[in-house]
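The basis for the numbers below is simple: all heavy atoms, side chains too, and nothing from hydrogens, waters or symmetry mates. Protein chains get the first letters and strands the later ones, always in sequence-line order, with residue 1 at the start of each.
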4 protein chains.
Amino acid sequence: MPPSAAPDTARRSERSYRAIIDATKELLDEQGYVATSIDQIARRAGVGKQTIYRWWPNKAYLVLEAHAEQAAERNPIPDTGGLRGDLRAIAASFSHNLSDTAVGRVCVQLIGEAQVDEAFADAYREVFVTQRRAAVRELLERARGRGEVRDDVGVELALDFFFGPIWYRRLVRHAPLTREFAHAIADALAEAVAPR
Amino acid sequence: MPPSAAPDTARRSERSYRAIIDATKELLDEQGYVATSIDQIARRAGVGKQTIYRWWPNKAYLVLEAHAEQAAERNPIPDTGGLRGDLRAIAASFSHNLSDTAVGRVCVQLIGEAQVDEAFADAYREVFVTQRRAAVRELLERARGRGEVRDDVGVELALDFFFGPIWYRRLVRHAPLTREFAHAIADALAEAVAPR
Amino acid sequence: MPPSAAPDTARRSERSYRAIIDATKELLDEQGYVATSIDQIARRAGVGKQTIYRWWPNKAYLVLEAHAEQAAERNPIPDTGGLRGDLRAIAASFSHNLSDTAVGRVCVQLIGEAQVDEAFADAYREVFVTQRRAAVRELLERARGRGEVRDDVGVELALDFFFGPIWYRRLVRHAPLTREFAHAIADALAEAVAPR
Amino acid sequence: MPPSAAPDTARRSERSYRAIIDATKELLDEQGYVATSIDQIARRAGVGKQTIYRWWPNKAYLVLEAHAEQAAERNPIPDTGGLRGDLRAIAASFSHNLSDTAVGRVCVQLIGEAQVDEAFADAYREVFVTQRRAAVRELLERARGRGEVRDDVGVELALDFFFGPIWYRRLVRHAPLTREFAHAIADALAEAVAPR
DNA sequence: CTATAAGCGAGACGGTACGTCCCGTCTTAGA
DNA sequence: TCTAAGACGGGACGTACCGTCTCGCTTATAG
């Protein structure tokens, strides 16, 4: 993720950068997003506040970047031989990440900021949304090649059908985000796109 | 919605209550959730801050309650004669509400707080989720009576498929939440639950 | 002390009155003047706040009245036969009361209010100053009758010389208010007013 | 006066410091101690509240420091050639300061706080008591050198006799603090310490 | 012997000030 | 020249009291 609008990133002190990122992750782990302040991060990192504000516009961007690499850690696109299996695998892994990892916690805690800051929303999508959609898109295209997806199926719509329910359960928490649920989503989608 | 955890609501001054709720809605409309402070609300309402804190634990609860009645304003459950039409109607109305009304704006601005305060999440669901789900659930059951829904279809899962993509688009904003999209969701769901 | 400007004292509930006075003294003893609030007193006394405000204009007046009777508890005017002894006795008793009793503590804690509220200052003097001065005045007049006081001595000035240093030490606390100090004051005054 | 208990005073903004001190004096002059709030001072000074709380623990300390320099403005020790004249001069000047100047008003309005906060009482004495006593002490010693003070006279006791009545009248206000009164105190003390 | 007014408890109310926290910017001393 | 340290202006927060008010209930006189 690009540091928004910042000075020459080459001149940046690697040492401070690491310290900031690490402190951010530690503090988020310990006390969550809202309870963590820039002052705390600077103190923990042994860094001046200015050094933080030089590279990130505010806490949200910093937290996002701190977790971006883990979030991006490319979960390999599965290849089980069939669409249903592939979707099951990726649905399960995605909902696990969203529910049970630090990255997932950060993802939902940042959703509020994304409602309020349009530029941040872009960066947020880049980290948490775009890549995952691309993976599933690829997977669907591959399946279409194998004749498992009807020609008249809109892929973007299919992606919304795939990710929507998972995000919905995670954010609204009206019901638990289980592996069974992930599989059910995958199964339903595979069937819905299949040729009759 | 019950006033969370508060003293005897019978002794509450109706006059102040109305003034607070109204001021809250006005200010949210004028400047959005984050820019609105409890001090401002109190001043606008001509009320002591303590009177607000007596009845609501914080801004989020107050804002939620201020919009609860509009949110609850029961959109009549449509009856077009067929499941597809019913779903289309309700999907369109729901995504319109979420996208283009003050209540919808509040709904997404409060989602962040719901990630952080479990009790608030409960209240939030009560206002923005439960009733809508109930409406669609009823609609699906009715359709099942007419033979438009297969017996093996899980209704809760169907509800997640219906609402998930709409919330997803609204919160993540990777694509616009159009009437066409709403109809596409409705159509896809109607078809997916239909007997083969 | 008259309750300033208040309704018919005859209709006052003796029970509540006692409870208020007692609660006031207890709380002052436990936590001092500033930390004690009218709300606390009302709660402790099992009394409505209005009942307090009906009879006293504010905390200072209430506290003053609560301690007035002890303050007034007429320390008998000593009669040792000589002026020096009489002054010693009264100086010692006065500085002891001021330093080491609950009434003394209240007396100094109320001095601030007396700087700010003129009417209160009057009441304050009535309780803590006037009677004591009268006692010493009487004592000096008696001594004058015995020829122990020169005719040209101004009695009011003598009283200021007598009480001034004691109040001064108590309020400024640059040095402890000991019995020796009290005696030294008495001795010096006795000598200063004595015929040459 | 040391800034009580505060961070490195060297890093303090001289500009803000002056603005705070000046605003404090202005507001005290305009509306008195109790009516003046920290918020007002901060606003008038164009300063954040935190900047005040960083350097002073509360209003009392700030007000004290704001007036410390005037209070300390060394009134030159008079030298009229005789003890009586010197004491008259200093008594008159002191009681004038206490009665008729802004510093005097502050002095009595802070006396309440000094009854309640021991550390503050120390600072208070430093500003309002210690120097004045030192001046009169010096004056008495000088007079002793000239043979105007008996050897067996305790100087500290004499100081209490000198200042006590003046403070007493000022704080209790049972009688006005006139120049005549000041002179009478001076005369009486001069005579009392004189050799027989 | 009622009725009617007062006092009463409880506590909500409009208001003010408090002292803390955090934001994002600015200043400074030293490496 | 950059950086840690942290002071700065600003402003929201949530709490504590103030003194007034409203509400039913109790009580004690006055008709």
Open item on the list: Could you check whether the side chain of D/Lys49 and the base of E/dG19 have a donor-acceptor pair of N or O atoms closer than 3.5 Å, going by distance alone?
Closed with: yes
Task: Short side-chain N/O contact to F/dA7 OP1/OP2 from D/Arg12, under 4.0 Å - done: no
Open item on the list: Is the phosphate of E/dC23 approached by A/Trp56 (side-chain N or O, under 4.0 Å from OP1 or OP2)?
Closed with: no
TODO: Give me the ring orientation class for D/Trp56 and D/Tyr17: parallel if the planes are under 30° apart, tilted from 30 to 60°, perpendicular past 60°.
DONE: parallel
TODO: Report the residue (C/Asp39 or D/Gly48) whose heavy-atom-nearest nucleotide on DNA chain F is the more 5′ of the two.
DONE: D/Gly48
TODO: Tell me which of D/Ala45 and B/Ser37 sits closer to the 5' end of DNA chain F, going by the nucleotide each one is nearest to.
DONE: D/Ala45
Task: Closest approach of C/Val106 to C/Phe128 (non-hydrogen atoms, all atoms of both residues) - done: CG1-CZ, 4.4 Å
TODO: State whether A/Arg43 places a side-chain N or O below 4.0 Å from either non-bridging phosphate oxygen (OP1 or OP2) of F/dA4.
DONE: no
Task: Position toward the 5' end of DNA chain E (nearest nucleotide), B/Gln50 or C/Val47 - done: C/Val47
Task: Gap separating the CD1 atom of D/Ile41 from the CG atom of D/Leu62, nearest 0.5 angstrom - done: 5.0 Å
Task: Position toward the 5' end of DNA chain E (nearest nucleotide), A/Thr36 or D/Tyr53 - done: D/Tyr53
TODO: Would you mind checking if D/Asp22 and D/Lys25 are paired as a salt bridge, meaning a charged N to carboxylate O distance below 4.0 Å?
DONE: no
- [ ] Scan residues 16-23 of chain A against DNA chain E and write down, sorted by residue number, each residue with any heavy atom closer than 4.0 Å; if none is found, say none.
- [x] none
Open item on the list: Does F/dT3 have OP1 or OP2 under 4.0 Å away from a side-chain N or O of A/Thr51?
Closed with: no
- [ ] Just call it for D/Arg11: base, sugar-phosphate, or nothing, with non-hydrogen atoms closer than 4.0 Å on any strand.
- [x] base
- [ ] Kindly determine whether B/Arg105 and A/Gln115 satisfy side-chain hydrogen bond (donor to acceptor under 3.5 Å, both in side chains), including the steps that lead there.
- [x] CA-CA 9 Å; B/Arg105 269 186 298 282; A/Gln115 304 311 308; over 6 Å; no
TODO: Decide, yes or no, whether a salt bridge links C/Glu113 with C/Lys59 under the criterion of side-chain N to carboxylate O below 4.0 Å.
DONE: no
